[in-house]
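Below is one structure, written out as C-alpha cells; comments come after it.
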Amino acid sequence: MTEVIAQLSMSLDGYIAGPDSGREHPLGIGGERLHQWVYGLRSWRREQGIKGGTGGPEDDLLAEWIKRPGAVVMGHGMYITGEAPWGDNPPFHMPVYVVTHHPRESLVKEGGTVFHFVTEGPERALELARDAAGDKDVSLAGGADLVQQFIRAGWLDELLLHVVPVLAGEGGRRLFDNVGDKQIEWRKTQVLDAPEATHIRLRAH
C-alpha cells in the first residue's frame with residue numbers, strides 16, 4: 001500500500017529553515033548548516049549527478065529512502081525557492097505535485113521530473129500523487145506549512161528526522177508549529193547516531 005513519507009533536517013530547537021527563506025536564501029540565512037551532513041554521502045551525490053562520496057550506515061539509510069517514492073508533493077513556497085526553478089535537471093526524476101493558488105501548465109524538466117500545479121488543495125495533490133506513484137510511496141517534500149497540514153490531517157505515515165546539533169535561534173521556520181491542539185504520538189522505529197546528525201525514524205500511530 002502506498003504510504004506518505006517525509007524526511008527533513010532539523011535543528012535542536014525545531015527549525016528546518018533559517019530566517020528570510022526565499023529565492024535569495026532557499027534554506028533561509030544559515031539554513032545550509034542543517035544539511036551539511038548529507039553533502040558527502042554517495043547516494044545524495046549520485047542524485048545530484050556528482051561522482052564519489054562516502055558509504056556506510058548513513059548512506060544506506062538515505063539510499064533506501066531515495067528508492068521508496070514514485071511521486072512527490074510540495075508546497076508552492078518550496079517550489080519557488082528553487083533556482084529557475086530547480087534548474088534544468090531537478091533531483092526528483094518523477095512527477096511532482098505542487099500545491100499552489102497559481103494555475104499554470106505542467107512543466108517538463110530533464111531526467112523525468114514533471115511539475116504539476118494543483119490548485120484544488122493538498123488533498124487533491126495527494127490523490128494525484130498516489131495515482132502516479134503506483135505501488136511506490138509518496139514523498140512529502142515540504143515546506144513546513146504543508147508538512148503541518150499533513151500532520152494535522154493524519155496523512156503522514158512515516159517521518160525521518162535528521163536532527164543536527166545546532167540551535168538555529170529565532171526567525172526561521174519551525175517544523176512542529178501549528179500542528180493542532182491534540183496530542184500526537186509517533187512510534188520510534190530506528191535511531192542512527194552519526195557525527196553530524198542523529199537520524200530518528202518515526203511512524204504515526
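Counting begins at 1 with the first residue of the sequence. Nothing here was measured: the structure is a model prediction, and the numbers come from that model.
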Determine whether [X] and [Y] make a side-chain contact, defined as any pair of heavy atoms from C-beta on separated by less than 4.5 Å.
| X | Y | answer |
| --- | --- | --- |
| F92 | V114 | no |
| R45 | K51 | no |
| T113 | V96 | yes |
| D177 | Q148 | yes |
| W86 | M78 | yes |
| V73 | V99 | yes |
| R201 | K188 | no |
| F115 | K109 | yes |

Cut-off 3.5 Å, side chains only: do E32 and Y39 have a donor facing an acceptor?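 Result is yes, a qualifying pair exists.
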
Identify whether the distance between the nearest side-chain nitrogen and carboxylate oxygen of R130 and E3 falls below 4.0 Å.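 Salt bridge flag = no for E3 with R130.
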
Could you tell me whether E158 and R68 have a side-chain N and a carboxylate O separated by less than 4.0 Å?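 The answer is yes: the pair qualifies as a salt bridge.
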
Set of side-chain contact (heavy atoms from CB on, under 4.5 Å) partners for V164, sequence neighbours left out: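 Counting only residues at least two positions away or on another chain, V164 forms a side-chain contact (heavy atoms from CB on, under 4.5 Å) with R33, L34, W37, V166, A197.
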
Is the number of heavy atoms from other residues, nucleotides or ligands under 6.0 Å of H101 NE2 greater than 12?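 Atom NE2 in H101 is not packed in, count stays at 12 or less.
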
Taking CD in E64 as the centre, count heavy atoms belonging to other residues, nucleotides or ligands within less than 6.0 Å. Is the count above 12?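 For E64, atom CD is crowded (more than 12 foreign heavy atoms under 6.0 Å).
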
Could you report the tightest heavy-atom contact between [X] and [Y], atom names first, then the distance?
| X | Y | answer |
| --- | --- | --- |
| L61 | Q190 | CD1-OE1, 3.6 Å |
| R174 | A144 | O-CB, 3.8 Å |
| L156 | V4 | CD1-O, 3.6 Å |
| I5 | P69 | CD1-CD, 4.4 Å |
| Y97 | A71 | CE1-CB, 4.4 Å |
| A141 | V72 | CB-CG1, 3.8 Å |

Taking the side chain from [X] and the backbone from [Y], do they hold a donor-acceptor pair closer than 3.5 Å?
| X | Y | result |
| --- | --- | --- |
| D193 | T198 | no |
| H93 | G111 | yes |
| D13 | G169 | yes |
| R42 | D59 | no |

Verdict with reasoning, K182 to V179, per side-chain contact (heavy atoms from CB on, under 4.5 Å): CA-CA 8 Å; K182 65 179 182 180; V179 294; over 6 Å; no

I'd like to know if [Y] and [X] are part of one continuous hydrophobic network [Ile/Leu/Val/Met/Phe/Trp/Tyr, side-chain heavy atoms within less than 4.5 Å].
| X | Y | answer |
| --- | --- | --- |
| L62 | I200 | no |
| V38 | M10 | no |
| V138 | V147 | yes |
| V108 | I80 | no |
| L159 | V163 | yes |

Working note: L192 + E58, criterion side-chain contact (heavy atoms from CB on, under 4.5 Å); need CA distance, chi angles, decisive distance, verdict. CA-CA 8 Å; L192 175 62; E58 272 188 304; 4.2 Å; yes

Checking E123 against W155 for the side-chain contact (heavy atoms from CB on, under 4.5 Å) test, could you report, in this order, the C-alpha distance in whole Å, the side-chain angles of both residues, the deciding distance, and whether it holds? CA-CA 9 Å; E123 188 170 11; W155 297 335; 3.5 Å; yes

Any chance you could lay out the side-chain contact (heavy atoms from CB on, under 4.5 Å) test for F176 and I151, step after step, and finish with the verdict? CA-CA 9 Å; F176 294 121; I151 291 174; 4.0 Å; yes

Supply the atom-to-atom distance [X] [atom1] to [Y] [atom2], rounded to the nearest 0.5 angstrom.
| X | Y | atom1 | atom2 | answer |
| --- | --- | --- | --- | --- |
| S9 | I16 | OG | CD1 | 9.5 Å |
| R104 | S106 | CZ | OG | 9.0 Å |
| T100 | M74 | OG1 | CE | 12.0 Å |

Parallel, tilted or perpendicular: which one describes the rings of H102 and H76, with boundaries at 30° and 60°?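 Geometry flag for H76 against H102: tilted rings.
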
Partners passing side chain to side chain donor-acceptor pair (under 3.5 Å) against T2 (at least two apart in sequence or in another chain):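 Counting only residues at least two positions away or on another chain, T2 forms no side chain to side chain donor-acceptor pair (under 3.5 Å).
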
Would you say the ring centers of F117 and Y79 fall short of 6.0 Å from each other?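 Here the rings of Y79 and F117 have centres that are less than 6.0 Å from each other.
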
